[in-house]
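Comments concern the structure below.
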Amino acid sequence: MPSVVLFHSVYGLRPAVLAAADRLRAAGHQVVTPDLYGVPPVDSVEDGFALLETIGRDVVLDRARDAVEELPARTVLAGMSMGAGIAGALLAERPETAGLLLLHGSGGSPEAVRPGLPVQLHLADPDQYEPPEELDEWSQAMTAAGAALEVFRYPGAGHLFTDPGVPDHDPAATAATWARVRSFLDAR
């Protein structure tokens, strides 16, 4: 079973992230959930973006780097929304990554992909933060770079659909996501 680092969304380290980590631990995985903000989570996307700007994107990325420094090279990089972007950003620095698990947002540069890298994306359909043309371009570039990419879309779900504490929550999409995530991680 691989180690997993799970980065939170722009809201901060919410109970939904901790519950997701507990779910993965119950399946036998070692999971780390770093707090990239160091302050309590917020209750709205707007407050989350304001907090991110106050803390600074570079500080958040440095905290993510610190969080993975002692983890095994073959750790799965995972993230929710903003955290998916953080996971993707670290890919270039961790070439032996066991997989890239992206929830609620794409992430990762095709230049950082090694041939056969397992990548799984779970995204609302439509998603207000992922325009279809940009997602198509990213998907094609990741596949052309050699990623073993799986994309799962959830029609009618809101952006952060796995978080029961936000209006986007969709129980059916959440159940399907966690079943697919478990299969993805079990294969690593």
Side-chain angles (χ1 to χ4, degrees), residues 1-114 117-123 129-130 138 142 145 147 159-160 162-163 165-166 177-178 181-182 184-185 188:
M1 297 288 177
S3 293
V4 179
V5 59
L6 179 60
F7 297 112
H8 60 73
S9 74
V10 76
Y11 283 89
L13 189 57
R14 293 176 49 81
V17 179
L18 300 174
D22 287 344
R23 177 189 298 260
L24 299 177
R25 287 183 192 108
H29 304 286
Q30 294 181 338
V31 184
V32 175
T33 55
D35 184 351
L36 302 177
Y37 288 171
V39 297
V42 296
D43 294 322
S44 74
V45 171
E46 295 78 19
D47 288 345
F49 281 118
L51 186 55
L52 175 61
E53 290 307 312
T54 298
I55 294 168
R57 294 176 190 271
D58 290 339
V59 170
V60 167
L61 193 53
D62 285 344
R63 289 176 179 172
R65 284 186 183 105
D66 290 346
V68 300
E69 189 173 343
E70 300 298 321
L71 295 177
R74 297 226 11 107
T75 296
V76 171
L77 299 174
M80 296 179 155
S81 192
M82 175 200 79
I86 297 292
L90 293 181
L91 183 60
E93 301 167 21
R94 296 184 60 89
E96 294 180 43
T97 294
L100 187 59
L101 176 60
L102 307 169
L103 303 159
H104 316 294
S106 61
S109 167
E111 294 79 23
V113 171
R114 72 171 187 280
L117 176 72
V119 179
Q120 191 176 77
L121 170 64
H122 299 268
L123 200 60
Y129 300 105
E130 298 277 345
W138 175 84
M142 292 292 278
H159 173 70
L160 202 59
T162 63
D163 186 336
V166 300
T177 296
W178 291 120
V181 164
R182 183 169 180 173
F184 178 79
L185 292 177
R188 308 285 75 82

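Values in this document were obtained by computation on a predicted structure and should not be read as measured data.
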Could you list the donor-acceptor pairs under 3.5 angstrom formed by side chains in residues 66-91, with sequence neighbours left out?
unit_1, atom_1, unit_2, atom_2, d
Arg74, NH1, Glu96, O, 3.3
Thr75, OG1, Pro72, O, 2.7
Ser81, OG, His159, NE2, 2.7

Contacts of type side-chain hydrogen bond (donor to acceptor under 3.5 Å, both in side chains), residue [X], not counting sequence neighbours:
X      : result
Ser106 : Glu130
Thr162 : His104
Arg188 : none

For residues 48-56, tabulate all N or O donor-acceptor pairs below 3.5 Å that involve a side-chain atom, not counting sequence neighbours.
unit_1, atom_1, unit_2, atom_2, d
Glu53, OE2, Arg57, NE, 3.2
Glu53, OE2, Arg57, NH2, 2.9
Thr54, OG1, Ala50, O, 2.9

How about Pro34 and Arg63: do any of their side-chain heavy atoms sit closer than 4.5 Å? no
Student check: side-chain heavy atoms of Phe7 and Val32 closer than 4.5 Å: no
Sidechain-backbone polar pair: [X] side chain, [Y] backbone, donor-acceptor under 3.5 Å:
X      : Y      : answer
Ser9   : Tyr11  : yes
His122 : Leu102 : no
Trp138 : Gly108 : yes

Which heavy-atom pair separates [X] from [Y] by the least distance, and what is that distance?
X      : Y      : answer
Ala27  : Arg182 : CB-NE, 3.8 Å
Leu6   : Ala20  : CD2-CB, 3.9 Å
Leu101 : Phe184 : CB-CE2, 4.1 Å
Pro95  : Ala92  : CD-O, 4.3 Å
Asp62  : Arg65  : OD1-NH1, 3.0 Å
Arg114 : Thr97  : NH1-O, 2.7 Å

Quick test of your reading: applying salt bridge (charged side-chain N to carboxylate O under 4.0 Å, His left out), list the pairs with at least one residue in residues 18-43, sequence neighbours left out, ordered by first then second residue. Asp22-Arg25
Could you give the distance from CG (Asp163) to NE2 (His8), rounded to the nearest 0.5 Å?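 Taking CG in Asp163 and NE2 in His8, the distance rounds to 12.5 Å.
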Go through it in stages, so that I can follow the logic: the residues are Tyr37 and Leu13, the test is side chain to side chain contact (heavy atoms under 4.5 Å, CB included), and I'd like the CA-CA distance, side-chain angles, deciding distance and then a yes or no. CA-CA 8 Å; Tyr37 288 171; Leu13 189 57; over 6 Å; no
Step by step, work out the side chain to side chain contact (heavy atoms under 4.5 Å, CB included) result for Val166 and Arg14. CA-CA 10 Å; Val166 300; Arg14 293 176 49 81; 3.7 Å; yes
Would you sort out whether Leu103 and Trp178 count as a side chain to side chain contact (heavy atoms under 4.5 Å, CB included), showing the intermediate values? CA-CA 10 Å; Leu103 303 159; Trp178 291 120; 4.0 Å; yes
